[in-house]
Amino acid sequence: MRTWKAILTAALLASMSAAAQQAAEQQPSAQPPAPDATQTAQSSQQAAPATAQPAQTQAAQPAAAQAGAIAPPAPSPAPTTMDQVVTLFIEHEHGLIKALATRTPVVETYLQNLTADPQLGPVPSADHYFLGRMDMGETVDRKDYLKEENRSMESRLLGGFGKLYKVQYQPLGFSWMVYADRTDFDREHYDFHYARREFLGDVRCLVFDVTPKPKSGRGRFLGRIWVEDQGFNIVRLNGTYAPAPRNAMFFHMDSWRLNLIPGYWVPAFIYSEEGDFSAGVKNKLAFKAQTRIWGYDLKKGGKDDELTQIRVDSVTDESAAAQDASPLQAERVWQQQAEDNVVERLTNAGLLAPDGDLDRILQTVVNNLEVTNNIDLPRPVRTRVLLTSPLETFSVGNTIVISRGLVDVLPDEASLAAVLSHELAHIVLGHNLGSKYAFNDRMLFSDEGTYQNLGFKHIPEEEAAADKKAVELLKNSPYAQKLDNVGLFLKALQLRAPQLSALLTTHLGNPLAENGTVNRLSALATQGPALDNTKLDQIAALPLGGRVKINPWDDKAEMVKTVPVAITSARDKMPFEVTPFFPRLIRYGTGAAAPVAAPTTAAANSGSGN
């Protein structure tokens, strides 16, 4: 019987080896994928789930162009036993840790504490927000973007979550939620038991249960991993860490990786959740949290590119006329210089997405407002996306910036037009802020000092004037008949505002709400029907992560395209709430994986990597 099991296991792995060899032959070196492969990958993503899917297809070509900084791993011999599979993914995990050791991505965590609601189930009762840069080297350093006063909130969090974000708390630091075990992921400390095969999106995976060996130490990973069956890299981790130190606790996590560069699956999303809302259970701690990682390739452009740009700039004369600028022209050029400095600095800090297709969508909405209101500005209005979760908009010069989180929760185009109209009104009224940033020395600060060195908040009188002008613009626009939806959104925001202070805390612009009261576009807040959770067709706001997906390697943003899902109860609405991640995994530069035979019971039961 053991012989038959060995034969079946070998046959299973032989089929995987053939697929892996075929993929290796087709795997592009650091070159852009073929157009047809990109189109195939795009079409496979359009039917993906709604929550926070990664932007891979459109960003694959730029990522490939810069992927030379990380060479693809050397091909490994095809495995023929499960023990060899375990050896491979252990080696590749250590290879990933080494490959990313020089990277300092941006890491953002948004957490919502939960309380039970009889009608809606667990709902947010308070929230917390963390943003920083993580050095993925041996010391795993972390530098926060937020001010010192926000750290006291972090220190008050119960158990291990606060400690997971403290640099000095090694090895029980944040890296433990990125990797299974940063230092001791091996057979000496863990047992690996093959469970089954499973598809995650287009990627077929081998699933292993991982348990720490007795007396292997504290803080060891305990859970399940998914290993893709061509390169044999870990693509998902689900579990916790055990045993916990005294007076601390570890939280459960579901960590996802994306194949953004050849040969590597990089950490991108982490979902954490604690709490039991069954009858009679008293929760010491109940929360849901989303962690996003992006900016792996920040400021990795070579000096040759910079010198090329300098040469081009030095021989190109873009002046409109031979004469000196008039006073008004000089003022406008000065404001544009400040605007360009700010946009470039925010992009380099990993806070602003590069110009892309999502900006074209936002630009269309702004154009609709401009054309129908006969707005003729001396310079075109641009739109850009802030990569962070807090609900925020601001404008600098003629550039309107809106946060990813705000785009996520807006229910329709009319609501998007409303928040953009407020910033367009500031531009039309000449409320230009930020001219001081035309001095380049004001851009010379560390990335983590961005929020302390930049700010675009208007005085109350300008805010009131912009609200009034925005309503005027909306009533003369194609969105005039849909302003009831804007009113519903503002009512839903008002209902949740007291519990979502972190989500509503802006860091660069004026807040939508202050002290738990929504003050943006208040004239529209009374418009439309009353908010009624029992009406399943009344969608006032969406959960976080439902609209925009970010490529964690090059920061490009694009709009999520999903199949509509029927809402069957009020609990399905989840306005402004955190939800789990379920990205549709695809391989770098390819579409769907090749079909293979179904697993056999004997093969599934024979594999053990002890």
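Nearest heavy-atom pair, A530 versus L488, reported as atom, atom and distance to 0.1 Å: O-CD2, 4.1 Å. Of all the heavy atoms in S501 and T505, the pair that sits closest is O-OG1, 2.5 Å. Shown here for L377 and E370, the closest heavy-atom pair between the two residues is CD1-OE2, 3.9 Å. The minimum heavy-atom distance between L473 and N373, with the atom names listed, is O-ND2, 3.0 Å. Heavy atoms only, all atoms of each residue included: A502 and Y110 are closest at CB-CE1, 4.4 Å. When all heavy atoms are compared, the tightest approach of L521 to A470 is CD2-CB, 3.9 Å.
Under the salt bridge (charged side-chain N to carboxylate O under 4.0 Å, His left out) criterion, R236 pairs with D254, not counting sequence neighbours. R332 is linked by a salt bridge (charged side-chain N to carboxylate O under 4.0 Å, His left out) to nothing, counting only residues two or more places apart in sequence or in another chain.
A donor-acceptor pair under 3.5 Å is absent between the side-chain atoms of Q499 and the main chain of N113, judged by distance alone. Remark: side-chain polar atoms of K556 are not paired, donor with acceptor, to backbone N or O of K549 under 3.5 angstrom.
For the side chain to side chain contact (heavy atoms under 4.5 Å, CB included) with L474, the qualifying choice from V486, L524, T372 is L524, the only one to do so. The side chain to side chain contact (heavy atoms under 4.5 Å, CB included) with F456 is formed by just one residue from the set N510, V342, T393; it is V342. Applying the side chain to side chain contact (heavy atoms under 4.5 Å, CB included) test between V366 and each of T383, I427, L416 identifies T383 as the sole match.
Looking only at side-chain heavy atoms (C-beta outward), N440 and Q337 come within less than 4.5 Å of each other.
Between F439 and W334, the two ring planes are perpendicular [angle over 60°; tilted spans 30° to 60°]. Classified by interplanar angle (parallel below 30°, tilted 30° to 60°, perpendicular above 60°), the ring pair H422/H426 is perpendicular.
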Steps toward salt bridge (charged side-chain N to carboxylate O under 4.0 Å, His left out) verdict (R382, E339): CA-CA 11 Å; R382 301 184 296 180; E339 175 184 343; 2.9 Å; yes

One pair to check against side-chain contact (heavy atoms from CB on, under 4.5 Å): L369 and Y479. What are the steps and the verdict? CA-CA 9 Å; L369 294 168; Y479 310 106; 4.2 Å; yes

D297 and R103: CA distance, side-chain angles, deciding distance, salt bridge (charged side-chain N to carboxylate O under 4.0 Å, His left out) verdict: CA-CA 7 Å; D297 206 34; R103 302 287 157 163; 2.9 Å; yes

Could you check R571 against D117 for salt bridge (charged side-chain N to carboxylate O under 4.0 Å, His left out), going step by step and ending with a plain yes or no? CA-CA 10 Å; R571 297 190 179 195; D117 180 274; over 6 Å; no

Verify salt bridge (charged side-chain N to carboxylate O under 4.0 Å, His left out) between E274 and K288, making sure each step is shown before the conclusion. CA-CA 7 Å; E274 294 294 335; K288 295 188 296 183; over 6 Å; no

Mind running side-chain contact (heavy atoms from CB on, under 4.5 Å) on N453 and R442 for me, showing each step along the way? CA-CA 8 Å; N453 286 276; R442 296 185 187 273; over 6 Å; no

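For F251 and F287, the gap between ring centers is short of 6.0 Å. You'll find the ring centres of W294 and F269 outside the 6.0 Å limit. Taking the ring centroids of F582 and W256, they lie under the 6.0 Å cut-off. For an aromatic pair to be called close, the ring centres must be under 6.0 Å apart, and F445 with Y451 fails this.
Rounded to the nearest 0.5 angstrom, L429 CG and E462 CD are separated by 9.0 Å.
Within 6.0 Å of the NZ atom in K457, the count of heavy atoms belonging to other residues, nucleotides or ligands exceeds 12. The environment of D276 atom CG is dense: over 12 non-hydrogen atoms of other residues, nucleotides or ligands sit within 6.0 angstrom. By the neighbour-count criterion of 12 heavy atoms within 6.0 Å, atom CD of Q119 is densely surrounded, having more than that number from other residues, nucleotides or ligands.
Looking at R384 and T399, their side chains never bring a donor and an acceptor atom within 3.5 Å of each other. Between the side chains of D412 and S415, at least one donor N or O sits under 3.5 Å from an acceptor N or O. In this structure, a donor-acceptor pair under 3.5 Å is present between the side chains of T534 and D532. Side chains of E108 and Y129: a donor on one and an acceptor on the other come within 3.5 Å. No side-chain donor from either of T115 and S125 sits under 3.5 Å from a side-chain acceptor of the other. With hydrogens and angles left out, the side-chain atoms of D447 and Y145 include no donor and acceptor closer than 3.5 Å. Judged purely by distance below 3.5 Å, without hydrogens or angles, the side chains of E392 and H507 never pair a donor atom with an acceptor atom.
Judged as a salt bridge (charged side-chain N to carboxylate O under 4.0 Å, His left out), the pairs with a partner in residues 508-526 (not counting sequence neighbours) are, in order, E463-R520.
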